[in-house]
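Shown next, in structure tokens, is the structure this report addresses.
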There are 2 protein chains.
Amino acid sequence: MPATIRDIAKRLGISVSTVSYALNGGPRPVPEEVRRRVLEVARELDYRPNRLARSMVTGKTETIAVVPPMVTRNMLRSPYIHATLSSIADAVGEHGYDILLHTSAAPMDDVRLVQSLLSGKVDGIVLIAPLSTSQVPEEIRRRNVPCVVISARVEGLPSVCADNATGVFAAMDWLYAHGHRRFGFVGGPPAFYDARQRLLAFRRYLEEHRLPLRGEWIAEGDFTAAGAVAGARAMLNSPEPPTAILAANDETAAGILQVAQELGVCVPTDLSVVGFDDTPFAQMLSPRLSTIRQPLEQMAVEAVGMLMTWIEQRECPVEEERKLPTELVLRESTAPAPGLSS
Amino acid sequence: MPATIRDIAKRLGISVSTVSYALNGGPRPVPEEVRRRVLEVARELDYRPNRLARSMVTGKTETIAVVPPMVTRNMLRSPYIHATLSSIADAVGEHGYDILLHTSAAPMDDVRLVQSLLSGKVDGIVLIAPLSTSQVPEEIRRRNVPCVVISARVEGLPSVCADNATGVFAAMDWLYAHGHRRFGFVGGPPAFYDARQRLLAFRRYLEEHRLPLRGEWIAEGDFTAAGAVAGARAMLNSPEPPTAILAANDETAAGILQVAQELGVCVPTDLSVVGFDDTPFAQMLSPRLSTIRQPLEQMAVEAVGMLMTWIEQRECPVEEERKLPTELVLRESTAPAPGLSS
DNA sequence: TTGTACGCGTTATCAT
DNA sequence: ATGATAACGCGTACAA
């Protein structure tokens with residue numbers, strides 16, 4: 001069994017407090033002589049402080065929880081969640097913190113999740129894209145635990161989001177300038193803030209430019225390639241199919257590409273497709289996917305920075321929301337509208 | 001501040017032990033009447049047990065650490081690490097455990113990592129593909145902490161690996177049967193167990209079939225697409241290039257495909273390429289990548305199972321190593337050797 | 001300057 | 001049979 005400060009104290013015939021002070025350069029000075037001998041004995045006994053005991057008295061665990069939108073099997077498999085988690089991990093590492101990942105076989109009910117989060121294992125929480133239907137953010141906010149939200153907006157919690165609207169507008173501007181007038185949209189589950197924002201921007205663009213919108217040109221996916229297939233198929237099989245489709249994320253775009261190939265629709269000659277996120281596999285699709293890039297690393301850095309501030313200053317940062325710019329990345333899935341010479 | 005069992009006890013005029021027994025269905029029976037009132041007051045005060053305090057006395061944290069090969073920025077970005085982590089998360093969730101992920105800005109030196117791991121924050125450890133140069137496994141083994149290794153072999157620690165050799169042989173058998181005689185190999189860093197095993201199997205196959213091997217036909221990559229470029233280029237530019245190349249993993253294969261396209265070498269007509277792992281993006285490459293599938297989910301389940309056994313029975317499982325079968329997945333990057341009619 | 005008590009939950013052990 | 005208490009481990013305010 002590991003040695004404790006008591007063992008060291010006993011060995012040297014001094015008190016535990018002196019040992020603690022010596023080890024931590026504690027709030028009270030310790031004679032150099034004593035300090036040396038304490039460190040010596042500590043090494044000798046292979047002393048390692050029990051971090052649980054330490055955390056209990058300091059109230060710090062040097063750990064933050066990262067909570068994906070849903071705690072369920074396979075959640076980490078989404079490239080977006082994965083990329084975000086990686087970025088958070090990197091950002092958190094800069095501050096010397098570890099990450100606690102909640103896992104659960106059964107979809108965990110929100111209340112239990114929160115109980116678990118607030119029971120002392122973490123100093124703070126990063127919520128990734130919490131669903132609008134989730135009770136989690138509200139429960140956390142009520143208890144005043146340091147928490148930052150990525151890719152969603154929650155009343156009373158600081159958040160970092162991508163500028164969805166500007167991204168959608170940039171993509172549609174490019175397409176419009178290249179002759180496209182019939183736009184389709186395959187969205188994501190409306191419980192996601194990003195999915196709502198992107199759809200809203202899409203509709204707004206059409207209105208502002210007095211462009212037509214047919215019922216089949218809008219479909220709801222589920223942020224997966226498979227979930228985009230039905231909607232994309234209906235869209236491309238309709239009597240007057242769109243010449244450009246915006247996807248709510250890159251996986252959805254992959255599904256659209258798949259359907260296009262299956263139907264013999266050539267991308268980008270007959271159809272332009274634009275994704276969202278620019279997760280690594282956007283470049284590996286064929287044709288390489290044009291997409292709207294979210295600055296995930298930057299978002300993670302900012303979110304973690306805000307969280308650290310809250311944890312250290314012990315009060316919620318005043319700035320409530322930060323919106324980071326997106327960027328249109330043009331690759332091979334976009335081209336001028338069919339029938340245009342240029 | 002949160003309520004404690006003491007608050008509940010005081011409120012009801014009973015002892016803390018009774019409260020604890022009532023809350024946990026503790027080792028000693030509690031009158032139904034009392035139990036009801038305890039639960040009532042607990043709810044009333046929004047009592048949540050301090051998990052740190054609980055862990056300190058039970059010695060369980062219900063958390064396991066997952067350690068990637070190197071603790072450094074971007075480590076989680078590898079599709080293989082990511083897929084493995086996801087699988088472990090799912091498997092661990094089945095047992096009601098959480099995951100602790102160590103992060104670090106600076107590459108953490110092994111000793112500090114181990115200190116951190118062994119200081120009481122976790123009940124067990126899963127090492128993902130530890131490097132042969134790492135001190136971590138040995139340090140852990142010495143201290144007799146529950147630990148399982150995935151994708152490597154460590155003396156004295158139970159491990160779960162893929163059957164690399166059989167996979168390589170299956171791929172080469174198929175290629176051989178389809179007329180290929182000149183084989184190339186772009187490997188991974190030899191510090192990785194899997195990289196060594198795959199290269200070994202490759203060499204052994206050539207020997208057993210008395211096939212030629214030229215110097216340029218073997219290159220060392222770094223498990224990334226970019227890292228495969230130089231070797232693949234040299235290989236394909238050599239006077240007598242191989243007709244089939246095995247890659248140490250899917251990303252390496254992606255790099256080879258890239259080089260082939262750049263040099264105007266048509267895959268699979270002129271060149272067959274086989275990857276390893278079957279991470280999700282193998283199917284998204286163009287042409288869709290033939291690859292040797294590792295059963296990562298299964299490996300994670302087995303590894304976590306062994307770890308749980310160790311944690312619960314408090315002694316290292318006798319079975320030291322488990323080797324899970326790989327599977328050749330044929331897609332579009334493989335074809336009969338050029339010049340063969342069939 | 002040194003030692004002690006406190007906080008936190010669980011449970012063995014002592015006291016009733 | 002049930003109620004009360006000490007011990008576990010650490011950091012640190014406070015008493016001695």
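Being a predicted model, the structure only gives us computed values, none of them experimental. All chains are named by letter (A, B, ...) in the order of the sequence lines, taking the proteins before the strands, and each is independently numbered beginning at 1.
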Regarding [X], tell me which of base, sugar-phosphate or nothing describes its non-hydrogen contacts under 4.0 Å with the strands shown.
{"X": "B:I5", "answer": "base"}
{"X": "B:S17", "answer": "base"}
{"X": "B:V19", "answer": "nothing"}
{"X": "B:V16", "answer": "base"}
{"X": "A:R51", "answer": "nothing"}

### Query
When rounded to the nearest 0.5 angstrom, what is the spacing between CD in B:E297 and OG1 in B:T84?
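It is 9.5 Å, given to the nearest 0.5 Å.
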### Task
On DNA chain D, check which nucleotide each of A:Y47 and B:V30 is closest to and give me the residue with the more 5' one.
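The residue whose closest nucleotide sits nearer the 5' end is B:V30.
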Considering only heavy atoms and no angle criterion, is a donor-acceptor pair shorter than 3.5 Å present between the side chain of [X] and the base of [N]?
{"X": "A:T58", "N": "D:dG11", "value": "no"}
{"X": "B:S20", "N": "C:dT11", "value": "no"}
{"X": "B:Y21", "N": "D:dA1", "value": "no"}

Would you tabulate the pairs of protein nitrogen or oxygen atoms and nucleotide nitrogen or oxygen atoms of nucleotides 14-16 of chain C closer than 3.5 angstrom?
none

### Query
Between B:M56 and A:P31, which is nearer to the 5' end of DNA chain C once each is assigned its nearest nucleotide?
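The residue closer to the strand's 5' end, by nearest nucleotide, is A:P31.
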Check: [X] side chain, [Y] main-chain N or O, donor-acceptor pair, under 3.5 Å:
{"X": "B:S20", "Y": "B:V16", "result": "no"}
{"X": "A:K121", "Y": "B:T61", "result": "yes"}
{"X": "A:T103", "Y": "B:Y97", "result": "yes"}
{"X": "A:S55", "Y": "A:K60", "result": "yes"}

Specify the separation, in whole Å, of atom [atom1] of [X] and atom [atom2] of [N].
{"X": "B:L23", "N": "C:dT11", "atom1": "CG", "atom2": "C1'", "value": "14 Å"}
{"X": "B:N24", "N": "C:dA12", "atom1": "CG", "atom2": "P", "value": "12 Å"}
{"X": "A:K10", "N": "C:dT4", "atom1": "NZ", "atom2": "P", "value": "12 Å"}
{"X": "B:D7", "N": "C:dG7", "atom1": "CG", "atom2": "P", "value": "10 Å"}
{"X": "A:I14", "N": "C:dT1", "atom1": "CD1", "atom2": "C1'", "value": "12 Å"}
{"X": "A:K60", "N": "D:dT12", "atom1": "NZ", "atom2": "C1'", "value": "16 Å"}
{"X": "B:L12", "N": "D:dG3", "atom1": "CG", "atom2": "P", "value": "12 Å"}
{"X": "A:L52", "N": "C:dG7", "atom1": "CG", "atom2": "C1'", "value": "15 Å"}

### Task
Tell me, please, which residues at least two apart from B:E33 pass side chain to side chain donor-acceptor pair (under 3.5 Å).
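By the side chain to side chain donor-acceptor pair (under 3.5 Å) rule, B:E33 matches B:R36.
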### Message
Using the side-chain heavy atoms of A:V57, tell me which of these nucleotides is nearest: C:dG7, C:dG9, C:dT10.
### Response
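Looking only at heavy atoms from C-beta outward on A:V57, the closest nucleotide is C:dG7.
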### Task
Kindly say if B:S15 contacts the phosphate of D:dA4, meaning a side-chain N or O under 4.0 Å from OP1 or OP2.
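Answer yes for this pair, as a side-chain N or O of B:S15 is under 4.0 Å from OP1 or OP2.
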### Query
Which residues pass the ring pair (Phe, Tyr, Trp, His ring centres under 6.0 Å) test with A:F223, sequence neighbours left out?
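Partners of A:F223 by the ring pair (Phe, Tyr, Trp, His ring centres under 6.0 Å) criterion, ordered by chain and then number, come out as A:F192.
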### Task
Just do the side chain to side chain contact (heavy atoms under 4.5 Å, CB included) check on A:D123 and A:W310 with the steps written out, would you?
CA-CA 10 Å; A:D123 295 340; A:W310 188 345; over 6 Å; no
